[in-house]
Number of protein chains: 2
Amino acid sequence: MRTHFCGLIDERLIGQTVTLCGWADVARDLGGLCFIDLRDHEGIVQVVAEPADVEGNDRVIATASDVGYEDCLRVTGQVRRRESVNNKIPTGQVEVVATAIEVLNKAEPLPFHAHENPGEDIRLKYRYLDLRTADMQRKMRTRTKLVRALRRWLDERDFQDIETPILTKATPEGARDFLVPARMHPGEFYALPQSPQLFKQILMVAGFDRYYQIARCFRDEALRADRQLEFTQLDMEFAWVQESDVQDTAEAMIRDAFREVMDVDLAQPFPRMTWAEAMRRFGSDKPDLRIAMEFTDIAELVKDCEFKVFTDWANDAKGRVVALCVPGGATLSRKQIDEVAAHAAKYGAKGLAWMKVTDPTLGREGVNSPIAKFLDDATLTAILQATAASAGDLLLFGAGAWNTASDFMGAVRLKVGKDLGLVREGWAPLWVTDFPMFEWDEDAQRHVALHHPFTAPAVDDVESLRANAHTAVSRGYDMVLNGNEIGGGSIRIHRPAMQAAVFELLGIDADEQLAKFGFLLDALKYGAPPHGGIAFGIDRIAALMAGTESIRDVIAFPKTTGAQCMMTGAPSPIADEQLAEIHIAVRPKK
Amino acid sequence: MRTHFCGLIDERLIGQTVTLCGWADVARDLGGLCFIDLRDHEGIVQVVAEPADVEGNDRVIATASDVGYEDCLRVTGQVRRRESVNNKIPTGQVEVVATAIEVLNKAEPLPFHAHENPGEDIRLKYRYLDLRTADMQRKMRTRTKLVRALRRWLDERDFQDIETPILTKATPEGARDFLVPARMHPGEFYALPQSPQLFKQILMVAGFDRYYQIARCFRDEALRADRQLEFTQLDMEFAWVQESDVQDTAEAMIRDAFREVMDVDLAQPFPRMTWAEAMRRFGSDKPDLRIAMEFTDIAELVKDCEFKVFTDWANDAKGRVVALCVPGGATLSRKQIDEVAAHAAKYGAKGLAWMKVTDPTLGREGVNSPIAKFLDDATLTAILQATAASAGDLLLFGAGAWNTASDFMGAVRLKVGKDLGLVREGWAPLWVTDFPMFEWDEDAQRHVALHHPFTAPAVDDVESLRANAHTAVSRGYDMVLNGNEIGGGSIRIHRPAMQAAVFELLGIDADEQLAKFGFLLDALKYGAPPHGGIAFGIDRIAALMAGTESIRDVIAFPKTTGAQCMMTGAPSPIADEQLAEIHIAVRPKK
């Protein structure tokens, strides 16, 4: 239907006749002379319809003068040099003098125009109009490029792309499963997978050496700000490997993707950090290393001071007292500091002490702080020295249970870093390793898995794991980028005895093990090789690359935080007769 | 963990020390001398543990003598030339003399061995053991290669890979929708997509020029022999195109995939045939052109004969009388012909007349047929001439309503072709075009769409479509390969008025249109370009390439015809409390 793309018309085509298809981006009728900006996915070119002695041109002008926003046109004409050059667009040196204009589809007046910023719900309802904008085209194109780069890299290394089922068995974390009634099995249900975890492990047992899949995953939970019911993972698994095999490969792949899509070279190798170190220095298991600030532990310095909050936690084996030195932070007003404290409170802080430093060499005279009066001169000086505070800095102090203090001070670090512009440009990847195997759930009085119950412990024998479950370290690892966990994986358990022991430590008894994971335990019995893998969040990586905060910008048809598709109206009610066929009924409202 | 792959050890490595990982395929203990066939995804190599003066070898032999089927091993040893060469395997010139053997995972006695042919249910229950066989590895590898070739081709041409939702809105053919209760919206449901049809059309409206996706599709229907609840489509859509653009591209892509995966050159260009011609010559809309036999219409010849079944249908404007000449078919016994007739009956035949030809030049004396007595000499001779029957051939006759006679004689042609070995080797692709727009549903007394309701009619104006709906031809097309419809597509309707008219002809009233397709009709209003596309059945194409009848052989974790996963036990019952959270209950059994 066309000979060229609008956005690619240039001076080399001057004098040639071209046929173009596209949308009327703008149309201007200047009294017998019409200009149309014709747009396709490559860009925009100016079309002009002008009076001439050529037969039929009256019809061309008549058609052109009637063109409205977003009409679909086919235009034939000759390329010529433009009198008034437009340097803002690549085609700005030329224009197309129309000899024929065909209206392929007339557009009704649009419900909104892009520049009106109509709000996200309207943008999502008319998603096709939103996606037509150059900005959304660019973002979606970034995602395509990312996936293409990853696949190419993996295909070249002979990873086998294998599809795993979407209609699967319900899992133990079943509360988050989407359920699908089975027509042929009344009262039974399939579940949509939260990830292909077990299938990819089974594939390793099945003799596939290296597997990948760009896999759709599902999680039915109240949607937090930037989650989706369905999301996309690059899922990978390797047989006969240890940590370094998986990590080195994954790191090289991500580095290649950034080079390909962003023309950026990531650090080589990525920095590495244990979970314990990350929590200690940054109060986060996914520290944003673009922010230079680190924690200073001051429990030793304040354990005998007169500020009770400090001394209580400093003398508690499970407590932590942390100082964070914010460069230039002394400019923050009392109100701004209160805002930071309120943010910390969301993460469990009972309060946030502060100290503005005007001159660290002057000791007490050089600081302004409500808690200074509780600190003797030696302590105050020791704190200033330990934090290496300079004139104009702000010290923020957190005290609490170790995990709580780490968490809220980690949140403070991020907020202050962003608010004060302390986040450097660029990309800061790292590996976080040596996660705890279990967390202790006080309410349930049992262990829960920090990664998932298939992650291998660092110790190889069941007895030592049982003896030291509280402090056991796992063979899990996360890839972190700019404060986002973009990938997570582990070496898996490949022996049935160890898998059963871990299930047991997690409070899953033998019957439950059999009912829910019998097939996995079976598979491990019949020659399961050592294996491990990793999974990457494609939506998040694409959003980071596209420079957007929202993963909805890199998903063609996302759902709202209310779990709805504004465009199609899903979900929707279903007739009871149809539900009867799948053996279910809607419960009456209470 | 390893330096080389088992299957790639060869003479170039003689003298070198290698470390291998793999499964013990076979282990033989010959009294102080042990042979282990070690297998990985690349193949098998012989490992030998032998007595020597080297320290520690006792331990190696002790370990080796204890190795059982499918144990996971890591072996280090030196490659040497083998005394008794095994030409059956690529590594058969060499063996690895073990200096260390580590049992990474011990395998319990297997539930079955591959050569025992344990039946498909057991194979599916222990799918990981089944997939480990060389044959299944090859089949799955074929699928990987196919998908890789298709993607590479499409990426090179800048088709954009875009994901569409799995949690979507229920469609009008809703009876086949899988439904998913929405936790946040009591009484409402998502549906799994039968295909991304509407989303890909919306993507064209959204300005994506060329789209593809390897998309999971779902159809909740009683499973016929070789269907799956979920299946995989290569889904493509193009903006600003007409039929030839889509067809030429798709054909080139498939030709490239066959060259890449199978090293085969498909016909260039593919033969083309209208639907009417395909039905007339082969009684099928997906004719297997590897079978040379074609129909001969003989209504004109028999309309005055004395065989009532023939004359009734020969004189009915809606009837058809067909002869099929089966080369060499006269060897079929009466019993075999009865079997063919029984097969025809399944497709609606009331009977199947036959005529064995011993010498066509002898007329009545040269044939053997129960119906010969109803045919006069001239008619009999005319039939022999029209069908070009030779000595030894069998003529089969079908009469009935046009569609019915075509269908059952098409089925007869396939069966006889296969039974008599009349299917030539190789690949027979073709395009079938010009499908009817509608079929008339006698029961419902209304039109139903032959492709789907978004397929454009050949006529461009609403009035002519309405006036000639019964005979209207669509802009749909199918790609057929060896009697399988491997791809189907069409140019779509891009104007709202035409789409509304087609909905109306299909008996979908304005309210229903709005409720179910409001968003599509809206999208068509705001600048929808002419567009079209096609979708290919990946499972089927992979099965054809892998040389298997069953698509289950190219799906890692297929479901049975009973819609179950034998390995995981899906579907399964769910606790009522969990169902309460998603606002549904199981209906009590009647």
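Naming convention: chains lettered A, B, ... in sequence-line order (proteins, then strands); numbering from 1 in each chain.
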Under the side chain to side chain contact (heavy atoms under 4.5 Å, CB included) rule, what do A:T568 and B:Y190 come out as? Steps first, then yes or no, please.
CA-CA 11 Å; A:T568 61; B:Y190 305 99; over 6 Å; no
Classify the ring geometry between B:Y526 and A:Y126 as parallel (under 30°), tilted (30 to 60°) or perpendicular (over 60°).
perpendicular
Taking the basic N atoms (NZ, or NE/NH1/NH2) and the acidic carboxylate oxygens, is any pair closer than 4.0 Å for A:R2 and B:D245?
no
Contacting region of A:F238 [heavy-atom separation from chain B under 4.5 Å]
neither
Contact winner vs chain B - A:R74, A:E70, A:R152, A:Q137, heavy-atom pairs under 4.5 Å:
A:Q137
Only pairs of heavy atoms separated by less than 4.5 Å count here; which of B:H41, B:H583, B:E230, B:R39 has the most with chain A?
B:E230
Return the NE2 to CE distance between A:H531 and B:M1, rounded to the nearest 0.5 Å.
12.0 Å
Part of B:T168 lying under 4.5 Å from any heavy atom of chain A:
backbone
Any side-chain heavy atom of A:D209 within less than 4.5 Å of one from B:F5?
yes
Please answer whether the main-chain N or O of A:H494 pairs with a side-chain N or O of B:N105 as donor and acceptor at a distance below 3.5 Å.
yes
At a heavy-atom separation under 4.5 Å, does B:L110 approach chain A through its side chain, its backbone, both, or neither?
both
Report which part of A:D71 has an atom under 4.5 Å of a heavy atom belonging to chain B: side chain, backbone, both, or neither.
neither
Chain A interface, residue from B:I202, B:I166, B:L524, B:L579 that has the most non-hydrogen pairs under 4.5 Å
B:I166
Max heavy-atom pair count under 4.5 Å with chain A, selected residue of B:M204, B:R495, B:E163, B:Q242:
B:E163
Distance-only, no hydrogens or angles: does the A:H185 side chain make a donor-acceptor pair with backbone N or O of B:G562 under 3.5 Å?
yes
Donor-acceptor pair, B:K589 side chain versus A:P186 backbone, under 3.5 Å?
no
Heavy-atom distances under 4.5 Å only: say whether B:Y211 touches chain A with side chain, backbone, both or neither.
neither
Side chain proximity check, A:L203 to B:F557, heavy atoms < 4.5 angstrom
yes
Against chain A, work out which of B:L73, B:T232, B:D40, B:L198 has the most heavy-atom pairs shorter than 4.5 Å and name it.
B:T232
The interface call for A:D539 against chain B, heavy-atom contacts under 4.5 Å, is neither
Taking the side chain as C-beta and beyond, is there a heavy-atom pair between A:F208 and B:T144 under 4.5 Å?
no
Determine, step by step, whether A:F199 and B:M567 satisfy the side chain to side chain contact (heavy atoms under 4.5 Å, CB included) criterion, reporting the C-alpha distance in whole Å, the side-chain angles of both residues, the deciding distance to 0.1 Å, and the verdict.
CA-CA 10 Å; A:F199 288 110; B:M567 187 180 79; 4.0 Å; yes
Which heavy atom of B:G207 sits nearest to which heavy atom of A:W23, and what is that distance?
CA-CH2, 3.5 Å
Minimum-distance pair of heavy atoms, taken over all atoms of A:V586 and B:G187
CG1-CA, 3.7 Å
Can you tell me which residue among A:R148, A:R151, A:K145 is in a salt bridge (charged side-chain N to carboxylate O under 4.0 Å, His left out) with B:D155?
A:R148
Greatest number of heavy atom pairs closer than 4.5 Å to chain B - which of A:C565, A:A580, A:P181
A:A580
Please look at A:P588 and chain B and tell me whether the side chain, the backbone, both or neither of the residue comes under 4.5 angstrom of a heavy atom of that chain.
neither
Value rounded to 0.5 Å, distance of CG in A:L167 from CG in B:L229:
6.0 Å
What residue in A:P496, A:P165, A:A182, A:P530 has the most heavy-atom pairs under 4.5 Å with chain B?
A:P165
Checking A:R132 side chain against B:A206 main chain: does a donor-acceptor pair fall under 3.5 Å?
no
Taking B:R587, B:Q160, B:K169 one by one, which has the highest count of heavy-atom pairs under 4.5 Å against chain A?
B:R587
Shorter than 4.5 Å, heavy atoms on both sides: which option in A:D130, A:L192, A:D522 has the most such pairs with chain B?
A:D522
Closest approach of B:L179 and A:Q578, non-hydrogen atoms and distance?
CD1-NE2, 4.1 Å
Taking C-beta and beyond as the side chain, do A:D220 and B:I582 meet within less than 4.5 Å on heavy atoms?
yes
Nearest non-hydrogen partners of B:P529 and A:C72, listed with the distance:
N-SG, 3.6 Å
Interchain contact, B:P109 with chain A, by part (heavy-atom threshold 4.5 Å)
backbone
Could you check which of B:A24, B:A239, B:P573, B:S244 has the highest count of heavy-atom pairs closer than 4.5 Å to chain A?
B:P573
List the atom of B:G527, the atom of A:A107, and the distance in Å for their closest heavy-atom pair.
N-CB, 3.6 Å
For chain B, the option from A:V241, A:I214, A:L520 that forms the most heavy-atom pairs under 4.5 Å
A:V241
Find the one option among A:E577, A:M140, A:R141, A:R127 whose heavy-atom pairs under 4.5 Å with chain B are most numerous.
A:R141
Tell me, side chain or backbone of B:L104 under 4.5 Å from chain A's heavy atoms, or both, or neither?
both
